[in-house]
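Read the structure below first, then the notes.
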Amino acid sequence: MRCFMSEPVLIAVAWPYANAKIHVGNLTGAYLPADILARYHRLRGRDVLMVSGTDSHGTPVTVRADEEGTTPEQVYKRFHVEFIELFQKLGLTYDIYTTTHSRNHFDVAQKLFLSLKENGYLYIESSKQWYSPEQERFLPDRYVEGTCYFCGKPGARSDQCDNCGHLLEAEKLIDPKSKIDGSTPELRETSHFYLDLEKLQDQVGDFLRERQDYWRPNVIKQSLGQIESEGLHGRPITRDLSWGVPVPIEGWDEKCMYVWFEAVIGYLSSVVEWASLHDQPEAWHHWWTNPESRTLYCIGKDNIPFHAIIWLAELIGVSESFDEKMGAEDPKPLVLPYDIPANEFMNLEGRKLSGSKNWAVWGLDFLERYDPDPMRYYLTVNMPETRDSDWDWEEFYQRNNNELVATWGNLANRVLSFAYKYWEGRVPDPGELREADRALLASIREGFANVEAHMEAVKLRAALQEGMRLAAEVNKYLDTSAPWFEIKEDKNQAAKSIYTAMQAIDWLKVIFSPFLPHTSEQLQSFLGYEVPLFGSLVTQEITDELSTHRVMLYEPGESMTAKGEDLWKPVELTPGKPFSKPSPLFKKLDASIVEEERAHLGQ
RNA sequence: GGCGAAGUAGCUCAAUGGUAGAGCAGUGGACUCAUAAGCCAUUGGUUGGCGGUUCAAAUCCGCCCUUCGCCA
């Protein structure tokens, strides 16, 4: 059983939707920055929980299931299993990666829905929707096609014409047909619950205004801009659909909650699930009702309104009612977002990513040919933190060879090889350090503080850049002290140089570990540590009354970060300590990969 | 159409009113422990365009162009 004594940090990661593979844009936008933050906070000894899961419900999943002649559940599971495989290979340390299709999520989502209703933030309104008499069910807009009343072209969806771009009113669509069986649907009156955003808008606006100085401008201004220009309006949060979380009200069990309303609740339900899987069912409070808790939402810019407005409004509206429903004697409100460091998008070779045109670099496909750390490196130095960025194979190749291999990997290799050769695999004893040695170590020490500042501000590319600058500084130091000369004259002098460089590498290993965990662990073992920095990822099948679902869990195990100590600081390397013969951390890539990879695009 | 973000060296990005900088690429050099890696030096910019405010603008204001996201 784990004890939670330290500062709670919840890393809430966007939930991938179960109808498309994950590409580098998804990774750099949300999933990778989340893991970098999670690992950093773990190193600080904080009580980190990184959570997410597959967004499994909604119309697109049912559309695909219909097309493939299978069930929505099978469709979501196929993607879900692939997502987990990718995250595991890339080393994304989700404490729990689950799904919205679980009994637990249903319970939590329904409790939250009822809390909002009881607190007066839901209302019912009726509208006209397409209904298929043949199938005896309502049809989503995208199931109905007809002729556009603007441009006269057939094949227009009932809500929008792809030909002329006009938004359409369903009633006016000419000759509507169901895409499923070609039958003619009719418009019928139907009722739905709406989230009363008008009632919550002042509280949402005030909350955002208080965070103007440290949230990213894109997030704050977009949300406030909408509130201040148009104001917020009620939004329907239920659907006439069977694949989803049923509305928990008598007479409404034919309807489901709308995915955008329900999936974000996963940030809460996954923590509840994590707690119960670890036999500490009350532990979710540590992150969700504790005023000390910091919740960071890692998302892409397309998700900003759902998090900075709608989810925020849900949390404010629920207040302590959810805790009450969970049986708390002294119920507390849910914790509101500490930060939402949304990223922009990543393009590919100058063009927008497009799954349907195969204009994408797919995560799993990439990892069949390359290692995870080079991908993590390139995606971080190119992270779209302030504007859209671009994946360019030439640049990937250059940065891998010039920066990872040449500056950092080669530094570790040259120093450890030299030390291994002349000191028989033991850390040399430096005696008293010289001025230049102390100066180098002082600047790495300063590096911890610099990188820390960037990490706390979620400026990950600047943080990694600082790490590389420090690695270059060690290279410069070596060139000046030139231990390969010293060794010929006076081995004691060389011992000082090599000890200093090894010490620097040991520290840089920590600084780089949130970004490059696989190679930092390799260094950890080369340097003779018996315990790894981080734990490992495992999967498990969970069966509940609803279904069976796979979860991925992070297990701290016996790792250094499991102890809850602050490891983000220089620790002295013991002279005489045994270490092993090193091998290169990174592979040098051949220039030919650029053309090969480019040839695959768009095929 | 409304809201928002972005446009700076060949490329990727810094620089919140005070002489436009860094890394990579390019060019030149000395060295050899290391994955021919590393180190030193160096070329390169009408800051998307036009206008305005100011002693001073990449930065503030207005209009326009281009790209992207959300909403209608």
Side-chain angles (χ1 to χ4, degrees), chain A residues 25 29 159-160 165-169 197 213 216-233 235 260 299-310 342-347 349-353 378 380-422 454 459 461-462 464-469 471-488 494 497-498 501 505 582-590:
Chain A
D159 55 345
Q160 185 169 11
H166 277 98
L167 292 169
L168 307 178
E169 290 171 58
L197 289 167
D213 52 334
R216 292 190 180 170
N218 196 7
V219 176
I220 207 98
K221 287 193 180 166
Q222 191 187 141
S223 315
L224 272 179
Q226 197 187 326
I227 291 172
E228 282 163 8
S229 66
E230 312 167 10
L232 299 179
H233 307 290
R235 295 186 60 152
W260 63 249
I299 60 168
K301 67 173 160 182
D302 52 332
N303 260 325
I304 291 171
F306 293 121
H307 290 78
I309 295 180
I310 294 167
N343 278 324
E344 304 287 311
F345 279 1
M346 177 173 264
N347 298 314
E349 302 270 347
R351 281 165 50 185
K352 248 173 95 165
L353 284 167
Y378 183 59
T380 307
V381 293
N382 229 348
M383 199 164 268
E385 289 178 342
T386 54
R387 69 181 88 164
D388 287 358
S389 66
D390 193 47
W391 175 290
D392 183 286
W393 279 105
E394 171 73 25
E395 199 199 347
F396 168 73
Y397 154 75
Q398 295 279 0
R399 283 188 181 269
N400 180 78
N401 286 4
N402 296 328
E403 297 173 27
L404 272 186
V405 173
T407 304
W408 171 228
N410 181 58
L411 168 65
N413 197 40
R414 69 194 291 209
V415 170
L416 297 187
S417 303
F418 194 91
Y420 192 82
K421 184 172 164 192
Y422 289 103
H454 290 313
K459 292 184 172 171
R461 59 196 301 170
L464 182 51
Q465 207 175 0
E466 171 70 1
M468 288 307 277
R469 190 188 67 75
E473 219 170 291
V474 183
N475 276 320
K476 285 180 190 127
Y477 161 84
L478 281 172
D479 219 67
T480 313
S481 57
W484 46 92
F485 286 141
E486 290 174 322
I487 196 89
K488 291 172 189 162
S497 300
I498 289 300
I505 289 167
S583 58
L585 297 175
F586 303 99
K587 294 188 195 106
K588 191 161 181 169
L589 295 172
D590 193 87

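Numbers restart at 1 for each chain; the letters A, B, ... are given by sequence-line order, proteins then strands.
- Rounded to whole Å, the separation between the C1' atoms of B/G51 and B/C65 comes to 15 Å.
- If you take atom P in B/A36 and the same atom in B/U19, they sit 44 Å apart, rounded to whole Å.
- One C1' atom belongs to B/A25, the other to B/C63, and the distance between them is 38 Å to the nearest Å.
- Taking 4.0 Å as the cut-off between side-chain N and carboxylate O, A/Lys476 and A/Glu473 do not count as a salt-bridged pair.
- Pairing of B/C3, defined by two Watson-Crick or G-U wobble distances under 3.5 Å, is identified with B/G69.
- A donor-acceptor pair under 3.5 Å links the side-chain atoms of A/Arg216 to the main chain of A/Ala342, judged by distance alone.
- Base pairing analysis places B/A22 opposite B/U12; the two distances defining the Watson-Crick or G-U wobble pair are each below 3.5 Å.
- Here the nucleotide nearest the side chain of A/Lys488, chosen from B/C33, B/U35, B/C40, is B/C33.
- As rounded to the nearest Å, B/A20 and B/A5 have C1' atoms that lie 23 Å from one another.
- At the heavy-atom level, A/Lys301 lies under 4.0 Å from base atoms of the strands shown.
- There is a side-chain donor-acceptor pair under 3.5 Å between A/Glu394 and A/Gln398.
- A salt bridge does not link A/Arg387 to A/Glu344: none of the charged nitrogens lies less than 4.0 Å from a carboxylate oxygen.
- In the set B/A34, B/U8, B/U12, B/A34 carries the atom at the smallest distance from any side-chain atom of A/Arg414.
- Look at A/Thr386 and you'll find a side-chain N or O under 4.0 angstrom from OP1 or OP2 of B/A14.
- Across the P atoms, B/U16 and B/C60 are found 10 Å apart, a figure rounded to whole Å.
- Map A/Ser389 and A/Pro483 each onto its nearest nucleotide of RNA chain B; the residue landing nearer the 5' end is A/Ser389.
- In this structure, the nucleotide among B/C24, B/C71, B/C40 sitting nearest to the side chain of A/Arg235 is B/C71.
- Contact check, A/Arg216 against B/G69: no side-chain N or O comes under 4.0 Å of OP1 or OP2.
- Residue contacts shown for A/Ala472 are limited to sugar-phosphate atoms, with no base heavy atom under 4.0 Å away.
- Applying the Watson-Crick and G-U wobble criteria (two distances, each under 3.5 Å), B/C33 pairs with nothing in any strand.
- The backbone N or O of A/Met346 lies less than 3.5 Å from no partner atom in the side chain of A/Asp390, so there is not a single donor-acceptor pair.
- Map A/Asn218 and A/Leu585 each onto its nearest nucleotide of RNA chain B; the residue landing nearer the 5' end is A/Asn218.
- When both pairing distances are held under 3.5 Å, B/G17 makes no Watson-Crick or G-U pair with any nucleotide shown.
- An OP1 or OP2 oxygen of B/U67 is reached within less than 4.0 angstrom by no side-chain nitrogen or oxygen of A/Asn347.
- A side-chain N or O of A/Asn475 and one of A/Arg414 form a donor-acceptor pair less than 3.5 Å apart.
- Among the protein residues, A/Phe485 comes within range of the sugar-phosphate backbone only, with heavy atoms under 4.0 Å from sugar or phosphate atoms but none that close to a base.
- Within the 4.0 angstrom heavy-atom criterion, base atoms lie near A/Lys588.
- B/C33 has its base stacked against the ring of A/Trp484, the centroids being under 5.5 angstrom apart at an interplanar angle below 30°.
- Pair check for B/U53 finds none; no Watson-Crick or G-U wobble contact set falls under 3.5 Å.
- A/Pro584 comes within 4.0 angstrom of a nucleotide base, judged by non-hydrogen atoms across all strands.
- In this structure, A/Asp479 places its CG atom 14 Å from P of B/A34, rounding to the nearest Å.
- The base of B/A34 is not paired with the side chain of A/Asn413 by any donor and acceptor separated by under 3.5 Å.
- For the C1' atoms, the distance linking B/A37 with B/G18 amounts to 42 Å, nearest Å.
- A donor-acceptor pair under 3.5 Å is formed between the side chain of A/Tyr378 and the backbone N or O of A/Asp392.
- Between A/Arg469 and the phosphate of B/G23, there is no side-chain N or O to OP1/OP2 separation shorter than 4.0 Å.
- The gap from the P atom of B/G7 to that of B/A58 amounts to 14 Å, rounded to the nearest Å.
- Of the candidate nucleotides B/A5, B/C71, B/C70, B/C70 has the atom lying nearest to any side-chain atom of A/Asp302.
- A close approach under 4.0 Å does occur between a side-chain nitrogen or oxygen of A/Lys352 and OP1 or OP2 of B/G69.
- Going from the P atom of B/U43 to that of B/A22 covers 10 Å, rounded to whole Å.
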